[in-house]
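Comments concern the structure below.
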Amino acid sequence: MRKNLLPLIATVLMIAAVFTLFGAHAWAQPGKTLDVYFIDVEGGQSTLLVSPSGQSMLIDAGWPGARDADRITAVAKQAGITQIDYLVLTHYHVDHAGGVPELASRIPIRNFVDHGPTFDKLVNVPQYYAAYLTVREKGQHILARPGDKIPITGIEVQIVSAAAKTILEPLPGAGAANPSCSDFQPKDEIKDPMVGGENKQSVGTITSLGKFRMADFGDLTWNKEHDLACPNNLVGAIDLYVVSHHGKETSSLPMLVYAMHPRVAVMNNGANKGAEIPTFETLKHSPGLEDLWQLHFGVEAGPRNSPEQFLANLGVEGTKDTGVPGESPANYIKLSARPDGSFTLTNTRNGYSKEYGPHK
């Protein structure tokens with residue numbers, strides 16, 4: 001009898017040793033995380049989310065041409081997906097919508113989520129909107145409305161802004177009064193149509209897996225962010241903040257960022273686009289923010305950039321990290337989030353990875 005128990009005892013001891021060495025996450029089953037890939041499209045946006053169910057959602061498609069479409073499809077292949085189940089187009093500016101036709105020629109797109117018609121006549125917006133419509137008509141269209149959810153299986157994606165409107169009621173757990181609202185100073189979005197126009201139409205989302213929450217507001221403008229923050233915080237606390245408008249100072253309203261209390265921020269800037277100094281100052285003073293990860297070293301920001309291990313690309317657009325002319329390496333940042341609120345971020349340039357623990 002005792003002899004028969006020896007193999008069982010040995011197995012139990014081995015399991016205990018593995019558990020001690022690698023921690024509880026060694027037992028997480030494959031496919032039970034929300035995986036998010038922050039793809040480098042040189043100062044535009046393209047963020048791929050893969051739900052624990054295996055369904056995918058892509059937020060924006062970068063610039064026109066083969067470069068960004070190739071980068072997105074390469075990441076999609078690494079993520080093990082063969083189609084985009086939901087394409088969420090935050091707005092129709094070229095750095096977000098320009099890549100849709102080229103991308104659709106490489107990978108099937110099933111559902112298209114957008115804020116509806118555009119009335120912006122600037123910087124070829126009508127041209128890119130028309131090109132997008134020729135692709136959208138081949139799939140299913142979902143009109144984004146604040147308060148609605150995108151029906152992707154395995155995660156919850158709540159729309160909080162679209163077509164210059166925002167949610168009117170707080171999300172579950174949100175709604176606290178925001179004492180900093182009395183300091184609000186609006187920006188003149190009429191004087192600067194590049195600040196208003198399509199940007200304020202942005203489709204903004206809160207994506208959740210259990211206790212984990214991620215905010216992505218596209219290029220939502222300062223004044224519209226105010227509607228989410230004041231007089232009450234309608235969004236609530238989040239874990240990861242995708243820095244709005246590539247880190248430009250026309251977004252990332254401090255009273256919204258501070259109220260959301262993000263643990264980590266990811267900035268989809270380019271070397272010479274976004275990453276503006278006032279935004280770094282806002283993030284620097286954000287309560288509880290542990291780290292800022294960036295897709296590029298921001299030239300203008302200089303020493304305000306995050307430490308090297310948090311930077312996915314060190315060179316400028318069109319150069320390698322060494323400064324030699326050519327294509328930049330297009331390293332991306334990967335997030336793996338778990339239902340207990342814990343998550344891991346990884347820099348694919350250097351393999352640096354950091355674990356952020358579960359909610360207490």
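Among Ser51, Ser56, Ser336, the single residue meeting the side chain to side chain donor-acceptor pair (under 3.5 Å) criterion with Asp35 is Ser336. Between Ile72 and the options Leu48, Leu103, Thr47, a side chain to side chain contact (heavy atoms under 4.5 Å, CB included) holds for only Leu103.
No donor-acceptor distance shorter than 3.5 angstrom exists from the side chain of Asp95 to the backbone of Gly44, with no hydrogens or angles considered. Gln55 places no side-chain N or O within donor-acceptor distance of the main-chain N or O of Gly154, the cut-off being under 3.5 Å. Between the side chain of Asn178 and the main chain of Ser180, a donor-acceptor pair closer than 3.5 Å is present. For Gln83 (side chain) and Pro108 (main-chain N/O), no donor-acceptor pair under 3.5 Å exists by modelled atom type. Asn347 places a side-chain N or O within donor-acceptor distance of the main-chain N or O of Leu311, the cut-off being under 3.5 Å. Formation of a donor-acceptor pair under 3.5 Å by the Thr279 side chain with backbone atoms of Ala275 is not found in this model. The closest donor-acceptor contact from the side chain of Asn305 to the backbone of Gly298 lies under 3.5 Å. In this structure a side-chain-to-backbone donor-acceptor pair under 3.5 Å is present from Glu225 to Leu253. Proximity of a side-chain donor or acceptor of Asn331 to a complementary backbone N or O of Ala312 within less than 3.5 Å is detected.
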| task | Check the pair Ile152, Asp85 against side chain to side chain contact (heavy atoms under 4.5 Å, CB included), reporting the backbone distance first and the verdict last. | result | CA-CA 8 Å; Ile152 181 170; Asp85 293 297; 5.7 Å; no

| said: Would Phe217 and Leu228 count as a side chain to side chain contact (heavy atoms under 4.5 Å, CB included) here? Give the steps. | reply: CA-CA 11 Å; Phe217 305 131; Leu228 292 173; 4.1 Å; yes

| query | Should Asp239 and His359 be marked as a side chain to side chain contact (heavy atoms under 4.5 Å, CB included) after you check the CA-CA gap, both sets of side-chain angles, and the distance that decides it? | reply | CA-CA 10 Å; Asp239 297 287; His359 287 201; 2.7 Å; yes

| query | What do the steps show when you test Leu89 against Phe112 for side chain to side chain contact (heavy atoms under 4.5 Å, CB included), and what is the final call? | reply | CA-CA 8 Å; Leu89 210 56; Phe112 297 82; over 6 Å; no

Extract all donor-acceptor atom pairs below 3.5 Å that involve side chains of residues 254-261 and protein atoms in other chains or at least two apart in sequence.
from	atom 1	to	atom 2	distance (Å)
Tyr258	OH	Thr282	O	3.3
His261	NE2	Pro287	O	3.3

Atom pairs and distances, side-chain donor-acceptor, residues 155-163, under 3.5 Å, sequence neighbours left out:
from	atom 1	to	atom 2	distance (Å)
Glu156	OE1	Lys149	NZ	3.1
Gln158	NE2	Gly147	O	2.9
Gln158	NE2	Asp148	O	3.3
Ser161	OG	Ser202	O	3.0
Ser161	OG	Gly204	N	2.9

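The side-chain heavy atoms of Phe212 and Tyr356, taken from C-beta on, include no pair separated by under 4.5 Å. Proximity of Leu220 to Ser251: side-chain heavy atoms (C-beta onward) are nowhere separated by under 4.5 Å. Counting heavy atoms from C-beta outward, Met267 and Phe280 have side chains that approach closer than 4.5 Å. Between Lys334 and Gln78, every side-chain heavy-atom pair lies at or beyond the 4.5 Å cut-off. Between Tyr86 and Leu49 there is no side-chain heavy-atom pair separated by less than 4.5 Å. No side-chain heavy atom of Thr166 sits under 4.5 Å from any side-chain heavy atom of Pro146. The shortest side-chain heavy-atom distance between Val235 and Asn233 falls under the 4.5 Å cut-off. Looking only at side-chain heavy atoms (C-beta outward), Asn223 and Lys200 stay at 4.5 Å or farther from each other.
By the ring-ring contact (aromatic ring centres under 6.0 Å, His included) test, His91 is found to be paired with His93, His96, residues two or more places apart in sequence or in another chain being considered. Remark: Tyr92 engages His115, Tyr129, Tyr132 in a ring-ring contact (aromatic ring centres under 6.0 Å, His included) (not counting sequence neighbours). Under the side chain to side chain donor-acceptor pair (under 3.5 Å) criterion, Tyr241 pairs with Ser244, Ser252, sequence neighbours left out.
Within 6.0 Å of the NZ atom in Lys354, the count of heavy atoms belonging to other residues, nucleotides or ligands exceeds 12. The 12-atom threshold is exceeded at CZ of Arg106, counting heavy atoms of other residues, nucleotides or ligands nearer than 6.0 Å. More than 12 non-hydrogen atoms from other residues, nucleotides or ligands lie less than 6.0 angstrom from CD of Glu308.
Between Asp114 and His141, the side chains place a donor N or O and an acceptor N or O closer than 3.5 Å (distance only, hydrogens not considered). Donor-acceptor pairing under 3.5 Å is recorded for the side chains of Thr344 and Glu355. With hydrogens and angles left out, the side-chain atoms of Asp60 and Thr90 include a donor and acceptor closer than 3.5 Å. Side-chain atoms of Gln201 and Asp120 form no donor-acceptor pair, as typed in the model, at a separation below 3.5 Å. Residues Asp340 and Ser342 have side chains that bring a donor and an acceptor to within less than 3.5 angstrom of each other.
In this structure, OG in Ser306 is found 10.5 Å from CZ in Phe297, a value given to the nearest 0.5 Å. Distance check, rounded to the nearest 0.5 Å: CG of Leu314 to CD of Gln294 gives 10.5 Å. Separating the CD1 atom in Ile277 from the CD atom in Glu300 is a distance of 5.0 Å, to the nearest 0.5 Å.
Scanning both residues, His246 and Asn269, for their nearest heavy atoms gives O-CB, 3.5 Å.
Salt bridge annotation for Arg304-Glu281: present, with a cationic side-chain nitrogen under 4.0 angstrom from a carboxylate oxygen.
Sorted by first and then second residue, the disulfide (SG to SG under 2.5 Å) pairs with a member in residues 204-292 read Cys181-Cys230; sequence neighbours excluded.
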